[in-house]
Amino acid sequence: MSWNFQEIQETIRREAAQIADLKDLEAFRVKYLGRKGLVQDIYASLATLPHEQRPVVGKGANDLKNDVSSIVEERTKAIKARQARDPGEDIDVTTPGVTVPPGHRHILTQTVDDICGMFERLGFVVQEGPEIETEFNNFTALNIPVDHPSRDAFDTFYLELPDPDRPGRYQLLRSHTSPAQIRVMQKYQPPFGVIVPGRVYRPDAVDASHSFMFHQIEGLLVNEDVKFSDLKGLLTVFCRRFFGEKIKMRFRPHFFPFTEPSAEVDISCYICDGKGCSVCRRKGWLEIMGCGMVHPKVFVAAGYPAGKYTGLAFGLGVERIAMLKHGIQDIRLFFENDVRFLEQF
Amino acid sequence: MKISLNWLKDYVTVGVSAEKLAHKLTMAGFEVEKITTVDADTVFELEITPNRPDCLNMRGMAREVAAILNTRLKPVKMPGVKFPSRPCDIKILDKKGCPRYLGTFIRGAAVADAPEWIKRRLCSVGSRSINNVVDITNFCLMETGQPLHAFDYDKLCGGRIIVRRAQEGETITTIDGVERKLDPSILIIADEKRPVAIAGVIGGKDTEVTQETKNILLESAYFDPILIRQAGRRLGVSSESSYRFERGVDYDAVGAGADRAVRLVLDCAGGIVAGRCDIRAIGKRPKSAVIVLNIKKANNFLGISLAPSRYKKILRQLGFQAAGGKKDTLRLRPPAFRSDLKEEVDVVEEVARVIGYDNLPVSLPAVPAASIVSETRRGFRQAVRELLLAQGVNETITYAMVSEKSLVQARQGHLGGVRIQNPLASDQGVLRPSLLPSLLSVVAFNINRGQKNLKLFEAGKIYTASGEREALGVVLAGRQEDDWREGRKGAFDFYDIKGVVEQTLARTCGQEIRIAASPCSFLVPGQGVSVAVGGVVAGFLGKVDGGVLEAWDIKQKNVFFAQIDLEELRSFFGKERTYRPISEFPAIVRDVSLAVGKDVSFQQVCATAFRLGRGILHAVKFSGEYRGEKIPAGNRGIVFSLRYKSDERTLREEEVNEVHEKIVRALVSELGAIQR
């Protein structure tokens, strides 16, 4: 009978590493140190061995006994110490971890922050204006004629707050963010680029795609030689970054009183890739913003010298963008604040 | 507006496919929203922008197509018959509302079916055929853009036409069979006795042209766009006529439109012109002013280098009179039907549009480093928002309008708000002076859908007569559900809302926050407090009164609300913070356990301690509160620790003991505390 002590030591080390509790440890002890354990077997075999081998094997058995004993002693201590710390040793590790889950930023806020952030990185500065505005800032200064339908009570909310500058007239809830342009221009001299997020109001009956309160973001860049090509370039960069590099774009002539030339920006529908679907109403294109070169009359109304500056301006509806981007079908969801909606974003 | 391709081809050479034309039109500012095929014809549905009433007809669109495709307009054969002027009995009482009215009296026409070619044209653009006379008026409207109306002359009482405002109480049954109430804001066409048409909007049933009609009065007029728009909106009627009148028809083309129709009536239905009367409040309008276009400037603005001859050609196709001016300039007179063209930049847009924006170059603007500083209002709001989110509070956005009733129910009626003159609905009549009604509605909405445990905020606006203010509203309802461990879940209480608000304000404002009992009618007595930050009272918080909750049908009792005026605190935000060296000297902590009377607050305990702390008392930390047998009735037990520290040296045991004992003695003697 010969004993390979090296192999035995390795086995012991391996088994010791797998001991999880006191029960395992006892089995381990019995296996090696018990009355019928390995160490006893080795001692028993000594009588059958040649004399010259006996001291070597005897020493090996002693070493084994010492090693196993010290392992048992050490692990007993460790396991007991662990049990003392955590008496309910059997915790269910699959029950949920505990923290205060962070709240959810409203998806409209996220969309506003994303868009403004992109323009800020391009050098624009965020400015905000008040929701309660004057007819001058909301219409007149923006080259919207006195008889324009948007001034009717059908299209603008008027308040029971007298207009300090125009006796007999009343202040209103801004129907777009553009009056903030006027405020910026009255306060600062070009050159500048500003981006204006904000809430706006129009007396539209509420349905899946209309709301009497919604959000817009408006951009304005004024300098001495801003060109139409700058408008195209700037908005192309924005749309690519925001909607993806693959989208196609087109600038379609349109009409706004405060820009000339004016355009609407369409992007290829990313639902159907421009083939035509229900989201783009079979057009293959999605209308996402209005833009144009600032009308010279707007500069005059803002008090800038005639002909000195040119500028570009654009505006977009935040709800529409968020609805397109996230597949939200009903604008009312934004304002109902069902937590099952809020917590999806 | 619908246009038929076959019809269009009567006036212009097209020479490209329908798809190509649709694309070209879209890219020139006439978005083709839909293409359909009707019999062997292609019909486009176009969006015409409000500045282009001249394109609300086939001839106008043909002119655009000629410019866009660079092809030719076909001459229209219109026999230039001059109709002699003979008196008709027409009187205009409102010359501002109707500056021009041309009536033609046709005697002895035979009303019958319209000829096939007219029927086909009308059918292609979705107009129903009635009879030859009515169809001709519709055909001419579509062709020339001039709305026309035909009356059965024999049904006009007294054979008269009077253009006037309606009187209060007058009614008319219109051709769609609806009886409509009129008022003086509405311009009407009347006969001797009664209204016979709502001017520019819709005709009357009694005087419409039928198979029995023999004699016709054909109206071609110019009505004031605003009056027509207002009448249409007031009555809820929109017609092909009103659509064009409210955008503005060509004053000078009123006659041409009438002549075209009269010619067709005589051809198709026979009869003779027995009277013709053109009443104008103003004569021929002055020619439009000359616009000087600087080619170099225009080319630079668009980033192109187009030759002056090309500019000239495009603009002439659009109806401009163009002549070369001084070097690099063109002298241009816009056509009469384009009242939207007033200055140089308008002309530049016309050229850009015809070339196509897609064919213009792209560049990136240099965005100048602006001298504009970003507003702290937004930064403060964002910082507040982030802190609330970090505490597990969800952001909401609610409508700014509430009902007066809800304000009263929330016991905020005294705050007023700002009334809206023309609210969309009576429950949206006021701009809110408080966020409480809005947030309670969100709580009720969610509870009704089974979500009972809510942590919500809104950083929104509130409104008063002096303007709008930025405010924070926070609401907690139900219980903390994020921690399932024993003893750590429970209904929200006062300390939850207080903690959320304190953390948010302390972090953003870096100021001491003090709360003081402040009874509010909408908060439970004893659990409503005011919040002051850095000495500025900025809002309140507490438990919402059950009576208020009842108005929202909220059954659960644990609803807590806070509102903070962020405008008041903005100046505290964004201050640079200076580093204070971390003290190397150890702190000495002493625990204190006291029984205090109900009227003694922890704030008072702190104030006393700091007063006597001799600069070495660093912090007071509250660690527990209890009531029970061991505490005298009417008292409560509080446990807290006092932390003594110096930034300059290690404190001696004896000096701490001395201060500490003094503090404890004062708490006993001054506040009546019992040491335990």
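Naming: A, B, ... by sequence-line order, numbering from 1 per chain.
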Exercise for review: Check each atom of B:E350 against the heavy atoms of chain A and say whether the ones under 4.5 Å are side chain, backbone, both or neither.
Suggested key: neither
Point to revise | B:R385 versus chain A, the contacting section by heavy-atom distance below 4.5 Å | key: side chain
Check your understanding: How long is the span from the CD atom in A:E260 to the CD atom in B:E343, to the nearest 0.5 Å?
Key -> 7.5 Å
Practice item. With sequence neighbours excluded, tell me which residues meet side chain to side chain donor-acceptor pair (under 3.5 Å) with A:E133. Key: A:N137, A:R183
Review point. Taking the side chain from B:E349 and the backbone from A:S262, do they hold a donor-acceptor pair closer than 3.5 Å?
Key: yes
Revision key, fill the gap. Honestly, the part of B:R229 sitting under 4.5 Å from a heavy atom of chain A is side chain
Practice item. Measure the CZ-CG distance between A:R252 and B:D358 for me, rounded to the nearest 0.5 Å. Key: 11.0 Å
Review point. Given a strict heavy-atom distance threshold of 4.5 Å, which part of B:N300 is in contact with chain A: side chain, backbone, both, or neither?
Key: both
Study note, to complete from the structure: Whatever's closer than 4.5 Å to a heavy atom in chain B on A:H295 counts as side chain
Check your understanding: Which bit of B:V393 comes within less than 4.5 Å of chain A, counting heavy atoms only: side chain, backbone, both or neither?
Key -> backbone
Exercise for review: Might you point out which heavy atoms bring B:Q421 and A:Y170 nearest each other, and give the distance in Å?
Suggested key: NE2-CG, 3.0 Å
Revision key, fill the gap. Honestly, the part of A:V226 sitting under 4.5 Å from a heavy atom of chain B is backbone
Review point. If every non-hydrogen atom of A:F157 is compared with every non-hydrogen atom of B:P423, which pair is closest and at what distance?
Key: CE2-CA, 4.2 Å
Please output the side-chain donor-acceptor pairs of residues 359-366 of chain B that fall under 3.5 Å, not counting sequence neighbours, one pair per line with the distance.
from   : atom 1 : to     : atom 2 : distance (Å)
B:N359 : ND2    : B:I355 : O      : 2.7
B:S363 : OG     : A:S229 : OG     : 2.8
B:S363 : OG     : A:D230 : N      : 3.3
B:S363 : OG     : A:D230 : OD1    : 2.5

**Study point:** Contacting moiety of A:L173, where chain B heavy atoms sit under 4.5 Å
**Key:** side chain
Check your understanding: Backbone N or O of A:Y158 within a donor-acceptor pair of the B:N422 side chain at under 3.5 Å?
Key -> yes
Point to revise | Within-4.5 Å side-chain heavy-atom neighbours: A:P261 and B:R353 | key: no
Check your understanding: Can you list the steps and then say if B:T49 with A:H254 is a side-chain contact (heavy atoms from CB on, under 4.5 Å)?
Key -> CA-CA 7 Å; B:T49 50; A:H254 201 72; 3.7 Å; yes
Check your understanding: With only heavy atoms counted, which part of B:K34 is less than 4.5 Å from chain A, the side chain, the backbone, both or neither?
Key -> neither
Review point. Is chain A contacted by the side chain of B:Y463, its backbone, both, or neither, given a heavy-atom distance below 4.5 Å?
Key: side chain
**Study point:** Over all atoms of both residues, closest heavy-atom pair of B:V373 and A:V125
**Key:** C-CG1, 4.3 Å
Check your understanding: Measuring heavy-atom distances to chain B, does A:D225 have an atom under 4.5 Å in its side chain, in its backbone, in both, or in neither?
Key -> side chain
Check your understanding: What part of B:N51 lies closer than 4.5 angstrom to a heavy atom of chain A: side chain, backbone, both or neither?
Key -> both
Practice item. Look only at the side chain of B:E468 and the backbone of A:E131, and say whether a donor-acceptor pair between them is shorter than 3.5 Å. Key: yes
Exercise for review: Identify whether the distance between the nearest side-chain nitrogen and carboxylate oxygen of A:D152 and B:R233 falls below 4.0 Å.
Suggested key: yes
Practice item. Report the C-alpha distance between A:R105 and B:Q382 in whole Å, list the side-chain angles of each, state the deciding distance to 0.1 Å, and finish with yes or no for side-chain contact (heavy atoms from CB on, under 4.5 Å). Key: CA-CA 10 Å; A:R105 201 151 47 114; B:Q382 283 176 328; over 6 Å; no
Exercise for review: Flag the pair A:H215 / B:I397 as yes when at least one side-chain heavy-atom distance between them is below 4.5 Å, and no otherwise.
Suggested key: yes
**Study point:** Segment of A:V339 engaging chain B (4.5 angstrom heavy-atom cut-off)
**Key:** both
Exercise for review: For each of B:V418, B:N394, B:L454, tally heavy-atom pairs with chain A at distances under 4.5 Å, and name the one with the top tally.
Suggested key: B:N394
Exercise for review: Can you measure from CZ (A:F334) to OH (B:Y399) and round to the nearest 0.5 angstrom?
Suggested key: 10.5 Å
Revision key, fill the gap. Turns out that what part of A:K187 lies under 4.5 Å from chain B's heavy atoms comes down to neither
**Study point:** Under 4.5 Å from any heavy atom of chain A - which part of B:A459
**Key:** backbone
Point to revise | Least distance between heavy atoms, A:C116 atom then B:R378 atom | key: CB-NH2, 3.9 Å
Review point. Which atoms of B:E47 come close to chain A, meaning under 4.5 Å heavy atom to heavy atom: side chain ones, backbone ones, both, or neither?
Key: side chain
Check your understanding: Between OG1 of A:T109 and CD of B:E458, what distance do you get to the nearest 0.5 Å?
Key -> 9.0 Å
Exercise for review: Evaluate whether atom CZ of B:R469 has more than 12 neighbouring non-hydrogen atoms of other residues, nucleotides or ligands under 6.0 angstrom away.
Suggested key: yes
**Study point:** B:R381 side chain reached by A:E128 side chain, heavy atoms, under 4.5 Å
**Key:** yes
Check your understanding: Of the backbone (N, CA, C, O) and the side chain (C-beta and beyond), which part of B:I226 lies under 4.5 Å from a heavy atom of chain A, both, or neither?
Key -> side chain
Exercise for review: Please list, chain by chain and in numerical order, all residues satisfying side chain to side chain donor-acceptor pair (under 3.5 Å) with B:R377, sequence neighbours excluded.
Suggested key: B:E567
Point to revise | Part of A:T156 lying under 4.5 Å from any heavy atom of chain B | key: backbone
Exercise for review: To the nearest 0.5 angstrom, please state how far the CG atom of B:L456 sits from the NE2 atom of A:H104.
Suggested key: 11.5 Å
Check your understanding: Between A:P203 and B:L424, which heavy-atom pair has the shortest distance, and what is it?
Key -> O-CD1, 3.4 Å
Point to revise | Between A:D338 and B:Q451: side-chain donor-acceptor atoms closer than 3.5 Å | key: yes
Check your understanding: Tell me, side chain or backbone of A:P96 under 4.5 Å from chain B's heavy atoms, or both, or neither?
Key -> both
**Study point:** chain A contact via B:F301 - side chain, backbone, both or neither, heavy atoms under 4.5 Å
**Key:** both
Review point. Heavy-atom distance under 4.5 Å to chain A: side chain of B:R247, backbone, both or neither?
Key: neither
Study note, to complete from the structure: Heavy-atom closest pair (B:Y357 atom, A:P253 atom, distance to 0.1 Å) is CE1-CA, 3.5 Å
**Study point:** B:F445 and A:N337: CA distance, side-chain angles, deciding distance, side-chain contact (heavy atoms from CB on, under 4.5 Å) verdict
**Key:** CA-CA 8 Å; B:F445 181 90; A:N337 299 294; over 6 Å; no
Practice item. Measure distances from A:R282 to the heavy atoms of chain B and classify the residue's part below 4.5 Å as side chain, backbone, both or neither. Key: neither
**Study point:** Proximal to chain A - members of residues 23-31 of chain B, heavy-atom separation under 4.5 Å
**Key:** B:T26, B:M27, B:A28, B:G29, B:E31
Review point. Given side chains that start at C-beta, do those of B:R419 and A:L159 come closer than 4.5 Å, heavy atoms only?
Key: no
